[in-house]
Amino acid sequence: MTLIKTEELTPTTPLSAIDTLQTYCCLDSLVMLEVFEEISSLFNQPPQIYSFERALQAPYLEMMQRGFLVDELARRQAVDSLRARELRLQATLNEMAQAACGHSLNPRSPAQLKDFFYSSLKLPEVWLSQKGERKLSTNREALEKLDSYLYARPFVSAVLGLRDLAKQREVLETEIDRDGRIRTSYNIAGTETGRPSSSSNAFGTGGNLQNVALGLRYVFVADPGWKLVVIDLEQVEARDVGWFCGVLFNDWSYLDACESGDLHTSVCKLVWPRELKWTGVPDRDKWLADSSIFYRDFSYRFMSKRGAHLSNYMGTAWTAARVMKMPIATLEEFQARYILGRAQFTDKKGTFHPAIVPAFPCIPRWWQWIAQQIQTPPHSLTTPFGRTRHFFGRPGDDTTLREAIAYMPQSTTADRMNLGLWRIWKHMPQVQLLGQGYDSVTFQVQDDSRFDEVVAEALELIKVPLEHQGRRYICPGEAKVGWNWGSMHDASKPLGQGNKFNPDGLVKWQPGQDRRQRQVGIKRIMA
DNA sequence: GACCCCCGCCAC
DNA sequence: AAACGTGGCGGGGGTC
């Protein structure tokens with residue numbers, strides 16, 4: 001963002017490369033200084049949120065410098081296995097494609113795929129609307145539609161499989177530094193909401209550590225003598241929505257539901273008070289919600305979990321139905337019971353449908369409040385942490401409203417987690433921070449007799465109490481511990497054989513309960 | 001060959 | 001009519 005071009009300043013002799021870079025650096029810095037001084041003059045002191053972001057530079061720089069140790073052998077084995085599977089599957093696909101259209105097929109080229117499926121195989125085109133535009137697509141959703149044509153099925157399955165394998169391999173092939181550590185670059189002030197973002201670093205190594213697939217995380221490990229801790233905030237965005245409804249309308253029903261044991265079971269009870277035989281025994285009711293079928297093989301609890309999240313953010317029944325692969329009518333029924341309600345009516349067949357009273361009408365009411373905020377000056381929202389965002393989109397547009405609705409809980413979560421992260425950095429020098437995952441933080445602690453004590457202290461530090469008219473709200477954290485970053489039990493997509501169980505992986509922390517020893521020798525990791 | 005956009009896909 | 005938000009990355013395929 002230089003206002004003056006270097007050429008204009010160039011003296012009679014041209015600048016050397018390094019001088020050019022330094023000149024650019026100076027100019028850019030000075031422009032920023034000018035902007036800073038201008039903005040500073042508007043305030044007596046900088047907004048608190050600005051000072052907070054500056055304070056975050058220390059812990060984030062520390063994480064960026066430290067890096068996260070990678071189990072090089074595990075990584076290479078996974079890459080080799082993936083590559084071998086890719087080669088075999090690609091050979092099969094090529095053979096089939098040769099027979100069908102006379103040439104091989106690149107599963108990562110949408111152009112080739114369109115030509116293949118819609119011209120060579122002459123299948124009906126699948127148009128999907130994405131971001132307001134209808135597009136001829138070859139993404140997973142489109143290919144799954146083509147899967148109903150028998151002769152397309154082997155191609156669909158090979159293409160999806162190859163894309164999946166390639167994606168996993170790419171992540172594992174991300175360049176790490178010579179000391180065997182991956183260093184991501186965090187951008188503290190890079191997003192609209194206050195979330196940090198992560199990307200490859202200034203030296204071109206590392207990558208986004210915040211979107212590593214769960215099944216690949218086991219390659220990231222604790223240093224020798226250390227053990228990993230991941231603390232995440234339990235259902236934080238749902239709780240925040242409940243908090244907003246309480247503060248704005250004195251309606252605490254949703255926060256109460258979040259705080260009364262298992263959120264999704266509580267929601268089930270309120271949405272279907274009579275349909276299931278509730279016992280009042282928490283474990284029994286959770287089991288009931290989980291094992292009773294609402295639609296096909298989807299339980300009532302699953303509906304509460306997936307459907308509720310989408311619905312909270314003003315997702316339509318249409319979208320929820322598409323994502324969850326269910327009929328629209330099923331989601332309409334859910335949303336009516338959950339938040340929207342419905343007047344009585346008689347359908348075409350003459351069947352009478354009684355009125356539905358929604359369980360949480362405060363949520364659409366909260367949307368209304370948001371709409372009003374962004375439609376009237378100053379067209380902004382401010383979170384409980386004092387982060388203000390102006391909405392420059394057309395105030396009446398649904399997209400603007402949806403951004404605004406998502407902003408409140410997302411931003412609140414970001415600041416809550418960052419405050420916890422900062423406190424851990426400030427007050428616990430015995431902790432080494434390794435990563436931030438929006439609603440979670442990962443760090444390592446010496447693997448000795450004081451381990452549990454340290455975890456307990458960190459769990460306390462991430463608690464940020466909010467208060468309103470006598471109501472106190474804290475989002476609790478949950479800790480998982482282990483020596484590698486994968487999950488111990490659910491390694492989900494196992495990479496070939498031998499990875500179905502991950503003994504060094506993360507398990508729920510219970511003080512004094514984890515009697516495991518580290519299985520993978522650290523010599524192997526460092527080799 | 002550098003650059004850019006599109007596409008598909010991973011996370012929360 | 002359009003249809004939940006916030007991000008980053010790599011490959012394909014085009015342009016300059």
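Proteins come first, then strands; the chains are lettered A, B, ... in the order of their sequence lines, and each starts at number 1.
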- prompt: Parallel, tilted or perpendicular: which fits the ring planes of A:Trp425 and A:Trp422, with parallel below 30° and perpendicular above 60°?
  reply: tilted

- prompt: Excluding sequence neighbours, so at least two apart, what forms side chain to side chain contact (heavy atoms under 4.5 Å, CB included) with A:Asn94?
  reply: A:Gln90, A:Ser104

Side-chain donor-acceptor distances from residues 204-214 of chain A under 3.5 Å, at least two apart:
residue  : atom : partner  : partner atom : Å
A:Thr205 : OG1  : A:Asp177 : OD1          : 2.8
A:Thr205 : OG1  : A:Asn201 : OD1          : 3.4
A:Thr205 : OG1  : A:Asn201 : ND2          : 2.8
A:Asn208 : OD1  : A:Ser198 : OG           : 2.7
A:Asn208 : OD1  : A:Gln210 : N            : 2.7
A:Gln210 : OE1  : A:Ser198 : N            : 3.1
A:Gln210 : OE1  : A:Tyr438 : OH           : 3.3
A:Gln210 : NE2  : A:Gln436 : O            : 3.0
A:Gln210 : NE2  : A:Gln436 : OE1          : 3.2

message: Once you apply a heavy-atom cut-off of 4.0 Å, does A:Arg402 come out as touching a base, just sugar-phosphate, or nothing?
response: sugar-phosphate

- request: Report the distance from atom CG of A:Asp397 to atom C1' of C:dG5, rounded to the nearest whole Å.
  value: 16 Å

query: Within the pair A:Thr319 and C:dA2, is there a side-chain N or O less than 4.0 Å away from OP1 or OP2?
result: no

message: My understanding is that only residues two or more places apart in sequence, or in another chain, count here; which of them pass side chain to side chain contact (heavy atoms under 4.5 Å, CB included) with A:Gln410?
response: A:Thr193, A:Arg195, A:Glu237, A:Ala406

Under 3.5 Å donor-acceptor pair, A:Gln210 side-chain atoms to C:dG7 base atoms: no

- request: Using side chain to side chain contact (heavy atoms under 4.5 Å, CB included) as the criterion, list what pairs up with A:Ile474, not counting sequence neighbours.
  value: A:Lys463, A:Pro465, A:Arg472

Candidates B:dC9, C:dA3, B:dA11 - which lies nearest the side chain of A:Leu160: B:dC9

task: From the options C:dG7, C:dC4, B:dC12, select the nucleotide whose nearest atom is closest to the side chain of A:Tyr313.
output: C:dC4

field: Distance, nearest 0.5 Å, that separates CZ of A:Arg416 from OG1 of A:Thr383
entry: 10.0 Å

message: I need the CZ-C1' distance between A:Arg163 and B:dC7, as an integer number of Å.
response: 9 Å

Among C:dA3, B:dC10, B:dC12, the nucleotide that comes nearest once only the side chain of A:Leu214 is considered: B:dC12

- request: Grab the NZ-P distance between A:Lys305 and B:dC12 for me, whole Å please.
  value: 12 Å

message: Can you measure A:Tyr438 atom OH to B:dC12 atom P for me and round it to whole angstrom units?
response: 9 Å

field: Minimum-distance nucleotide to A:Thr399 side chain [options: C:dC9, B:dG8, C:dG5]
entry: C:dG5

- request: Could you check how far CD of A:Gln410 sits from P of B:dC12, rounded to whole Å?
  value: 13 Å

message: What is the distance, to the nearest angstrom, from the CG atom on A:Leu165 to the P atom on B:dG8?
response: 18 Å

- request: Scan A:Ser440 against the nucleic acid and name what it touches under 4.0 Å (heavy atoms): base, sugar-phosphate only, or nothing.
  value: nothing

- prompt: Hey, is the side chain of A:Ser197 poking within less than 4.0 Å of OP1 or OP2 on C:dG8, counting only N and O atoms?
  reply: yes

task: Using a 4.0 Å cut-off on protein heavy atoms (strictly under), produce a 5'-to-3' string for nucleotides 11-16 of chain C with B for base contact, S for backbone-only sugar-phosphate contact, and - for none.
output: SSS---

- prompt: With under 30° as parallel and over 60° as perpendicular, where do the rings of A:Phe220 and A:Phe68 fit, or are they tilted in between?
  reply: tilted

task: Describe the nucleic acid contact of A:Ser137 in one word from base, sugar-phosphate, nothing, applying a heavy-atom distance below 4.0 Å.
output: sugar-phosphate

- prompt: Counting only distance, no hydrogens or angles, is the base of B:dC10 paired donor-acceptor with the side chain of A:Lys167 under 3.5 Å?
  reply: no

Residue-phosphate contact under 4.0 Å: A:Ser200 side-chain N/O, C:dC9 OP1/OP2: yes

- prompt: Do A:Ser109 and A:Asn106 meet the criterion of a side-chain donor-acceptor pair at a distance under 3.5 Å?
  reply: no

field: Distance test, side-chain N/O of A:Thr193 to OP1/OP2 of C:dG7, below 4.0 Å
entry: no

query: With sugar-phosphate meaning primed atoms plus P, OP1 and OP2, does A:Val323 contact a base, only sugar-phosphate, or nothing at under 4.0 Å between heavy atoms?
result: nothing

Closest to the A:Arg140 side chain, choosing from C:dC4, B:dC9, B:dC7: B:dC9

query: Within this structure, what is the CD-to-C1' distance between A:Glu192 and C:dG7, rounded to whole angstrom?
result: 11 Å

message: Regarding A:Arg322, tell me which of base, sugar-phosphate or nothing describes its non-hydrogen contacts under 4.0 Å with the strands shown.
response: nothing

message: Just to verify, what does A:Glu95 make a side chain to side chain contact (heavy atoms under 4.5 Å, CB included) with, not counting sequence neighbours?
response: none

- request: Select base, sugar-phosphate, or nothing to describe what A:Ser311 touches, counting heavy atoms under 4.0 Å on all strands.
  value: nothing

message: It should be established whether A:Thr138 places a side-chain nitrogen or oxygen under 4.0 Å from OP1 or OP2 of nucleotide B:dC7.
response: no

- request: Nearest whole angstrom, please: distance from the P of B:dC7 to the CG of A:Leu143.
  value: 15 Å

